[in-house]
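First up is the structure itself, then whatever we jot down about it.
No hydrogens, no waters, no symmetry mates; every other heavy atom, side chains included, goes into these values.
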Amino acid sequence: MIEETRPKVISRILLIEDNPDHGELVVRFLDCSLAGVKVEVAAAGGKGLARLGETEFDLAILDYQLPDGDGLFWLERILKQKPDLPVVMVTGRGSEGVAAEAFRMGAW
């Protein structure tokens, strides 16, 4: 018998982004695009990791450049704490090498 797999409903997103302007743009876009989704912003990797320990999220969006470490540093820690959490890494200044490493580590 074939099991039917349904896509997970996304209702809570954690955005880990230190630039307030970028954070506001992402939150506005998600609010307009995904009705009923709650987006919370953490301004640093450590703050994001702490929030993941306190609250359940369906998705994390992780900026690569953060004041307390790069995205690969935080990706490793996030996936150790929440191995089944989908994490999307974003950056305006990355490289193909960074992207390949992020995918290898488990980023979406």
Side-chain angles (χ1 to χ4, degrees):
M1 181 174 183
I2 298 174
E3 269 188 55
E4 182 180 334
T5 53
R6 295 176 185 239
K8 185 175 181 179
V9 175
I10 304 290
S11 61
R12 293 185 61 88
I13 297 173
L14 178 63
L15 172 62
I16 305 171
E17 168 64 67
D18 65 316
N19 183 311
D21 294 332
H22 294 171
E24 184 178 339
L25 285 172
V26 172
V27 170
R28 284 186 184 191
F29 174 79
L30 292 172
D31 283 344
C32 291
S33 302
L34 303 171
V37 171
K38 179 169 177 18
V39 181
E40 184 174 325
V41 180
K47 290 179 182 181
L49 191 64
R51 286 301 296 143
L52 288 169
E54 301 165 353
T55 304
E56 288 298 317
F57 291 92
D58 303 308
L59 173 70
I61 301 173
L62 174 64
D63 186 22
Y64 177 70
Q65 293 186 314
L66 294 165
D68 57 350
D70 70 31
L72 297 175
F73 175 86
W74 290 110
L75 176 64
E76 180 179 18
R77 281 145 186 83
I78 289 168
L79 292 177
K80 277 185 183 176
Q81 183 172 320
K82 299 284 185 175
D84 295 327
L85 180 70
V87 180
V88 175
M89 187 176 293
V90 296
T91 185
R93 298 186 187 140
S95 68
E96 289 180 16
V98 169
E101 183 63 14
F103 282 126
R104 187 194 65 72
M105 292 175 67
W108 285 39

Work out which heavy atom in [X] is nearest to a heavy atom in [Y]; give both atom names and the distance.
X	Y	result
Ile13	Ile61	CG2-CD1, 3.9 Å
Phe103	Trp108	CE2-C, 3.5 Å
Phe57	Thr55	CD1-O, 3.5 Å
Lys82	Glu56	NZ-OE2, 3.0 Å
Val27	Val41	CG2-CG2, 3.7 Å
Gly71	Leu62	O-CD2, 3.4 Å

Nearest 0.5 angstrom please: [X] [atom1] to [Y] [atom2], how far?
X	Y	atom1	atom2	value
Asp70	Glu76	CG	CD	10.5 Å
Asn19	Glu24	CG	CD	10.5 Å
Leu30	Leu59	CG	CG	8.5 Å
Lys47	Leu14	NZ	CG	12.5 Å
Leu79	Met105	CG	CE	7.0 Å
Lys80	Leu75	NZ	CG	11.0 Å

Mind checking whether [X] and [Y] sit in one hydrophobic cluster, side chains of I, L, V, M, F, W, Y counted as touching below 4.5 Å?
X	Y	answer
Tyr64	Trp74	yes
Val37	Val90	yes
Phe29	Met89	no
Leu15	Leu25	no

If we ignore hydrogens and angles and just use 3.5 Å, is the side chain of [X] paired with the main-chain N or O of [Y] as donor and acceptor?
X	Y	result
Asp68	Gly46	yes
Asp18	Leu66	no
Arg77	Phe73	yes
Asp58	Arg12	yes

Report task. Start with the C-alpha distance between Ile78 and Val87, add both sets of side-chain angles, then the distance that settles side-chain contact (heavy atoms from CB on, under 4.5 Å), and finish with yes or no. Result -> CA-CA 8 Å; Ile78 289 168; Val87 180; 3.8 Å; yes
Report task. Apply side-chain contact (heavy atoms from CB on, under 4.5 Å) to Glu17 and Val26, showing your working. Result -> CA-CA 10 Å; Glu17 168 64 67; Val26 172; 5.9 Å; no
